[in-house]
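All heavy atoms count here, side chains included; hydrogens, waters and symmetry mates do not. A note on names: the letters A, B, ... follow the listed sequences, proteins ahead of strands, and every chain is numbered from 1.
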Number of protein chains: 2
Amino acid sequence: MRRFRVPDVVIRRLVIYLRILNEMELETGPHYISSQELGQRAGVSPAQVRKDLASFGEFGKQGVGYEAHNLREELRSILNQDRPIKVAIFGLGELGRALTRYLNRCPHGEECDVFHITAIFDSDPRKIGQTFEGVQVSPPDALPAKMEREGLDIAIMTVPASAAQMVADLCVQAGIQALLNFAPVKLFVPDNVRVHYSDVTLELQQLSFYLS
Amino acid sequence: MRRFRVPDVVIRRLVIYLRILNEMELETGPHYISSQELGQRAGVSPAQVRKDLASFGEFGKQGVGYEAHNLREELRSILNQDRPIKVAIFGLGELGRALTRYLNRCPHGEECDVFHITAIFDSDPRKIGQTFEGVQVSPPDALPAKMEREGLDIAIMTVPASAAQMVADLCVQAGIQALLNFAPVKLFVPDNVRVHYSDVTLELQQLSFYLS
DNA sequence: TAGATTGTTAATCGATTAACAATC
DNA sequence: TAGATTGTTAATCGATTAACAATC
């Protein structure tokens, strides 16, 4: 058990380190990587790499570096990437379909194959009952039952902005712990629920600022 | 001209303030909003709102607040949202199509309607020459000519991870100033080019860490 | 005028970087 | 052993918050 709270930004970098180690897995034999090299590939300083890793344990050997395969396993464990994660999609519009296919198509052995889309919700009566990518579309009010029977870890929200807060409330109510929201609205949820955002318009607007 | 460099995170919040003011535009008559209220809606402290705005000028009135319409116009100007922004899509896969439709469907008056998709690139010979959403698909090597003739502000990259760096190099070469990359790889570009990332797998992995 | 709220400065908080003893 | 690199502490840097005089 760690003594101190680890900042979000550290977790984000751990994911990036894991990604680099996954790419290195192809190389054969035991293989050591230094904070120097890992940092270079990740675009951060060696000191930062060491500090990030040190908040979870002592994974390296002085004078040598980190054994790549071992470090990968440690990171997978820290980041809960060593077990399947159940994902629900809310809103089977174009984006919802694209994401579902993207995650399902994930080549075996890739990092995304731990995510399993086990539920799809949409309020459109014409979509309810249909099957998409092997999953039957349910109405949002079927969430609590689904949650109870099979459990869900993360909800991906690709619903219209106007519906987002309502759907978030539903998820919170049902006990989902993490939301990935694609709608361009801030969601208000209790502290024990994590919300991340993916907001294309916001990114484009931010980029616009830096133009000439 | 501002004296000091404004941090990225401030710009990101300005976009959020603008979004809130856009929503308020519907309300009629002159309308003042305080840093208190704007902060509440944006999920930040009033002091932060005032400090963010103050890095670009004095837009408020003591004892009253900020005139909503005026502040909106100021922010639109600061963020370059008062002129059309030309966007290119690289990679017309499922995600590329979804994003193109999303940006084109933007209801008039919404924040996204300043972004115009004026070019689509894909290396698949079967797609080249086809028209999607009124734009003809070109091969990537047509970029320099396109750039010269019409100009492009931002490139959205929805290409496979393996092609991302190559496409980024191409964009840099052609003089594009900002990239929004959906491929799960870090891009190495010169300092004068901005890269933002939208990385669903990374977000899901980060969220996984916080589960139970 | 009295009440409210800005713009700004100083204080606090937190994250990054530098440096180095420990040690493989 | 000599060279290299870790884990960790102290120094630096930067962003957020608190506080308040100015003023509408």
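- You'll find that the side chain of A/Ser35 is closest to D/dT6, out of D/dA15, C/dA15, D/dT6.
- Phosphate contact (OP1/OP2 of D/dT16, side-chain N/O of B/Arg13, threshold under 4.0 Å): present.
- Side-chain N/O atoms of B/Ser212 and A/Gln177 include no donor and acceptor closer than 3.5 Å.
- At a non-hydrogen distance threshold of 4.0 Å, nothing from residues 67-78 of chain A comes into contact with DNA chain D.
- By the side chain to side chain donor-acceptor pair (under 3.5 Å) test, B/Glu203 pairs with A/Arg12, A/His196, sequence neighbours left out.
- B/Gln173 CD: 12 or fewer foreign heavy atoms inside a 6.0 Å radius.
- Checked against side chain to side chain donor-acceptor pair (under 3.5 Å), A/Glu111 has the following partners two or more places apart in sequence or in another chain: A/Arg19.
- At D/dT17, one or more side-chain N or O atoms of B/Ser45 fall inside 4.0 Å of OP1 or OP2 (strictly under the cut-off).
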note = Output field dot_bracket for DNA chain C (Watson-Crick or G-U, both distances under 3.5 Å, | for other-strand pairs) contains ..||||||||||||||||||||||

What nitrogen or oxygen pairs link the protein and nucleotides 21-24 of chain C at under 3.5 Å?
{"residue": "C/dT23", "atom": "O4'", "partner": "A/Gln62", "partner atom": "NE2", "Å": "3.4"}
{"residue": "C/dC24", "atom": "O4'", "partner": "A/Gln62", "partner atom": "O", "Å": "3.4"}
{"residue": "C/dC24", "atom": "O2", "partner": "A/Gln62", "partner atom": "O", "Å": "3.3"}

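- Under 4.0 angstrom from either OP1 or OP2 of D/dT17 there lies at least one side-chain N or O belonging to B/Gln48.
- In the set C/dG7, C/dA15, D/dT6, D/dT6 carries the atom at the smallest distance from any side-chain atom of A/Arg50.
- Taking A/Ser35 as the reference, A/Arg50 meet the side chain to side chain donor-acceptor pair (under 3.5 Å) condition, with sequence neighbours excluded.
- Under the 4.0 Å criterion applied to side-chain N and carboxylate O atoms, B/Glu25 and B/Arg72 are assigned as salt-bridge partners.
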